[in-house]
Amino acid sequence: MRKRILSGFALLGAVALAVTGCSSSDGSSDAGNGGGSGDVITVGFAQTGSESGWRSANTESMKTAFSKDNGFDLVFNAADNDPAAQIAAVRSFINQKVDAIVIAPIVEDGWDDVLKEAKDANIPVILEDRTVTASDDLYASWVGLDFKLEGQKAGEWAKETFTDPTKMVVLEGTTGSAPANDRAEGFDSAIAGSSIEKIDSQTGDFTRDGGKSVMEGFLQKYGVDGIDLVFAHNDDMALGAIEAIEAAGAKPGTDIKIVSIDAVHDGMQALVDGKINYIVECNPLLGEKAAALVKDVLAGNSVDKRTIVEDQAFDQAAAEKALPDRKY
Ligand code: AHR
């Protein structure tokens, strides 16, 4: 059963309506005036960084949804994949007395203290994209993707596709992040009992450069003939792996097969070109849902504790059909 909450921040919405004042464009004013009809809502958004094509699409979706036209004053911070810097950004939003905070948490652990600080300051927190291990009493709502299911879908494709003994290497996402943890778990459970052997697994930090250099290391260690399959936790690392495989004189998608997650434009193009073999989508367009959650929470409406956005999966034919209409 889906949990529903009547947010403890309902009170904030009521109080906020009674407060007059205005928020400045840098969000540094005494905010706390949001959530009401026509008032500008100041929102601090702590983004992970700019590690991937997926992240760029997510940032754009958030900036569009939290626009001035939609009644928001967005204070944006990208933490360059540094968990300590991201927590510092959230503390700074609390000090600025923003009306609400949205976080795309880089890693799952380490959030308890700062989330308690936000709660004590009566500032509701909405998580988008990734999850945290802290108690769900400490945030109002989360909107994101089922990362475990994404990994599972990728693993099911691999299990069906590879029936002979297969040597696989894995390009992991950021260590400690929800998508890296959950995709690994979903994939591993799906390939259990199959002919696929995971011979190595290292983090490429969700970046193209990271994927390329880890793949170069794998190719040096095992040789082109020693690797049959790459599971990349995102498209950017798969694209980096493609560069490394081509530099080693082999054909990605043919000599070494690749399965990845995201379905961003460059990944889908590589799938159409036959350089990636299968992609499970991870939808980055979460802005509208996150903005609606912020408005509801500040207005004191009950909201779902968890909102999962559905993902599709693509083989080459499906990618060819979908690519012209993709929004990211
Ligand atoms: O949290 C979602 C993941 O983060 C995406 O799969 C990846 O590309 C991004 O960096």
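Numbering of residues begins at 1 and proceeds along the displayed sequence. Atoms within each ligand, like the ligands themselves, are counted from 1 in listed order.
Close approach to Ser52 involves these atoms of ligand 1, each under 4.0 Å from a residue heavy atom: 7 (C), 8 (O), 9 (C), 10 (O). Less than 4.0 angstrom separates some heavy atom of Pro179 from each of these atoms of ligand 1: 1 (O).
Annotation: cation-pi pair Lys257/Phe162 absent, no NZ/CZ under 6.0 Å from the ring centroid and within 45° of its normal.
No more than 12 heavy atoms of other residues, nucleotides or ligands lie within 6.0 Å of NZ in Lys275, so this atom counts as exposed by the packing criterion. More than 12 heavy atoms of other shown residues, nucleotides or ligands fall within 6.0 angstrom of atom CG in Asp255. More than 12 heavy atoms of other residues, nucleotides or ligands sit less than 6.0 Å from atom CD of Glu216. Open room surrounds CD on Glu288; 12 or fewer heavy atoms of other groups in view lie less than 6.0 Å from it.
The protein heavy-atom contact nearest to atom 10 (O) of ligand 1 is Glu51 OE2, 2.5 Å. At the top of the distance list for atom 3 (C) of ligand 1, counting protein heavy atoms only, stands Arg130 NH2, 3.8 Å.
Contact between Ala118 and Val125 at its shortest, heavy atoms only, is CB-CG2, 3.8 Å.
Residue Glu128 does not touch ligand 1, judged by heavy-atom distances below 4.0 Å.
Taking a 4.0 Å cut-off on heavy atoms, Asp262 registers as neighbouring ligand 1. Under a 4.0 angstrom heavy-atom cut-off, Asp129 registers as being in contact with ligand 1. Heavy atoms of Arg183 approach ligand 1 to within less than 4.0 angstrom.
When only interatomic distances are considered, the shortest N/O to N/O separation between Trp54 and ligand 1 does not fall below 3.5 Å.
Side-chain N/O atoms of Asn58 and Gln47 include a donor and acceptor closer than 3.5 Å.
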